[in-house]
Amino acid sequence: MKIFIFLFLIPIGVSAVEQDYRLTTDSWVDGTLDKTTASSSTIVVNVENGVISPGNNGDLISGSFVENEKIINLKKNESQRNTYYLGKLIDDRQYQGVWYDIDGNGGDFRMEWGDEEKLDCSLATETGWHHGLYCNAEIDGGGWRLVAVRFNKEIHIPVEKITELNSNQYLNPGAWTQLRDESTEILFVQPDTKVWGVMNISKASNQKFCSPLGDNLSKKVLVHAEKEGCSLENLDYTVVGHPGSLDYQGNFYRYKKGGWTTNYPDLWIRTNWSQQQDVSYGSSQLMVFVR
């Protein structure tokens, strides 16, 4: 399932004002959205008199609102390959429908008009503080909200909201679980090495894993999946963190000995390193974001 954050200008009969939309897309047509394979990006378009056209950042998105804005149709051109969306208004600020691409792939989608009173990072255009939240607008399309920082070897501090970057703050379980359930992807960044990787939250939370992504963002190992056992001995594991030394509390591991299986999938869905090989990246620092 893919999630796109759209920045639109409000259509038909009003002055042009930027407005965010969230487009959630899964990978098969069955009328029900599934959250198990999410990915995201931020796209800017213009809308004038109901006509949708590409925005200033070069994204090739076109389409229109029709029938008094009860229907929306979109065409997205990416690398000279088209994807088409057709949906209907199902509720206040929500469209739902189906999408297909030229290769015959398809699925369901839902597009939601952003809540003006809800602060998030979807409209952040620069990495930094945005309405009291720390956002990353650079990696993988942006829209990332910071939920945990591992800056040094000092004690980790649970907070309601991250307020600084040079201490070991993490969202307390209450704040984190609510935000986790509203999000679909988690981004791990080593700030000192600039290495990063994205996982799907639903897949990383599989309770069959040795240490699934859970309610506690302060634990030494945030994610640990292994093909056989949980010994970290056979080069068949994926790990974020380190079970022992805080010198490696930001480590990333990806070993695929014997290949991927249903019980041991490749959790790293997008990275800035080659996913064609086994990797181990060491760091004493880690920043964790979601969107």
Side-chain angles (χ1 to χ4, degrees), residues 3 5 22 35-36 38 40 114-124 127-140 142-192 196-225 230 238-252 267-268 283-291:
I3 292 182
I5 308 300
R22 172 165 291 186
K35 295 181 66 176
T36 59
S40 306
D115 185 349
E116 295 179 357
E117 297 181 356
K118 181 179 179 180
L119 297 179
D120 59 27
C121 290
S122 63
L123 296 182
T127 295
W129 296 100
H130 178 76
H131 297 301
L133 306 176
Y134 188 82
C135 305
N136 187 294
E138 301 170 2
I139 294 176
D140 195 42
W144 298 102
R145 175 178 171 177
L146 184 65
V147 296
V149 180
R150 298 186 177 186
F151 181 74
N152 52 38
K153 298 181 182 181
E154 296 177 1
I155 190 171
H156 294 182
I157 306 168
V159 295
E160 190 70 22
K161 186 170 70 173
I162 304 296
T163 58
E164 56 183 290
L165 304 182
N166 58 355
S167 67
N168 297 334
Q169 293 187 346
Y170 67 96
L171 292 189
N172 63 47
W176 160 237
T177 54
Q178 179 178 349
L179 184 59
R180 180 195 62 195
D181 292 345
E182 296 172 352
S183 305
T184 53
E185 293 183 316
I186 187 165
L187 166 69
F188 300 103
V189 181
Q190 295 179 351
D192 50 347
W196 60 264
V198 175
M199 291 184 181
N200 173 269
I201 290 175
S202 179
K203 285 188 174 181
S205 302
N206 189 332
Q207 295 302 304
K208 295 181 180 180
F209 291 165
C210 301
S211 181
L213 180 67
D215 297 345
N216 183 4
L217 288 174
S218 71
K219 62 181 184 178
K220 293 180 179 179
V221 176
L222 292 176
V223 179
H224 174 193
C230 294
T238 296
V239 170
V240 178
H242 192 278
S245 174
L246 293 178
D247 290 326
Y248 307 109
Q249 62 182 341
N251 278 21
F252 300 161
L267 294 178
W268 296 105
S283 176
S284 63
Q285 299 181 350
L286 181 68
M287 300 177 78
V288 184
F289 299 80
V290 296
R291 69 180 176 191

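Note that the coordinates shown come from a computational prediction; the quantities given were computed from them, not determined experimentally. All values below come from the heavy atoms of this structure, side chains included, with hydrogens, waters and symmetry mates left out.
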Test side-chain contact (heavy atoms from CB on, under 4.5 Å) applied to Lys153 and Asp247, step by step: CA-CA 8 Å; Lys153 298 181 182 181; Asp247 290 326; 2.6 Å; yes

Taking all non-hydrogen atoms of both residues into account, name the closest pair between [X] and [Y] and its distance.
X: Gly197; Y: Phe252; answer: N-CE1, 4.4 Å
X: Pro243; Y: Val221; answer: N-CG2, 3.6 Å
X: Leu146; Y: Val288; answer: CD1-O, 3.3 Å
X: Trp144; Y: Cys121; answer: O-SG, 3.4 Å
X: Gly250; Y: Gln190; answer: O-NE2, 2.8 Å
X: Leu217; Y: Arg150; answer: O-NH2, 3.4 Å

Worked verdict on Val240 versus Leu267 for side-chain contact (heavy atoms from CB on, under 4.5 Å): CA-CA 11 Å; Val240 178; Leu267 294 178; over 6 Å; no

Test item: Asn168 side-chain N/O and Glu154 main-chain N/O as donor-acceptor pair under 3.5 Å: yes

Under 3.5 Å donor-acceptor, Gln249 side chain and Phe151 backbone: no

Taking atom [atom1] of [X] and atom [atom2] of [Y], what is their separation to the nearest 0.5 Å?
X: Ser211; Y: His224; atom1: OG; atom2: NE2; answer: 8.0 Å
X: Asp140; Y: Leu187; atom1: CG; atom2: CG; answer: 7.5 Å
X: Asn216; Y: Trp176; atom1: CG; atom2: CH2; answer: 11.0 Å
X: Thr177; Y: Glu182; atom1: OG1; atom2: CD; answer: 9.5 Å
X: Arg291; Y: Arg145; atom1: CZ; atom2: CZ; answer: 15.0 Å
X: Lys203; Y: Phe209; atom1: NZ; atom2: CZ; answer: 9.0 Å

Non-neighbouring partners of Asn136 that pass side-chain hydrogen bond (donor to acceptor under 3.5 Å, both in side chains), sequence neighbours left out: none

Derivation and outcome, side-chain contact (heavy atoms from CB on, under 4.5 Å), residues Val239 and Asn251: CA-CA 8 Å; Val239 170; Asn251 278 21; over 6 Å; no

Criterion side-chain contact (heavy atoms from CB on, under 4.5 Å) on Thr184 and Ile201, from CA distance to verdict: CA-CA 5 Å; Thr184 53; Ile201 290 175; 5.7 Å; no

Aromatic plane relationship, Trp129 with Tyr134 - under 30° parallel, 30 to 60° tilted, over 60° perpendicular: perpendicular

Parallel, tilted or perpendicular, as decided by the 30° and 60° cut-offs, for the rings of Trp268 and Phe188: perpendicular

Between Ser283 and Asp192, a side-chain donor and acceptor under 3.5 Å: yes

Beyond-backbone contact of Pro212 with Asn206, side-chain heavy atoms, under 4.5 angstrom: no

Side-chain heavy atoms of Ile186 within contact of Val223, under 4.5 Å: no

Lys/Arg N to Asp/Glu carboxylate O, Arg180 vs Asp215, below 4.0 Å: yes

Considering only distance and modelled atom types, tabulate donor-acceptor pairs under 3.5 Å from the side chains of residues 158-165, sequence neighbours left out.
from, atom 1, to, atom 2, distance (Å)
Glu160, OE1, Asn172, ND2, 3.0
Thr163, OG1, Gln169, OE1, 3.4
Thr163, OG1, Gln169, NE2, 3.0

Lys219, NZ: over 12 other non-hydrogen atoms inside 6.0 angstrom: yes

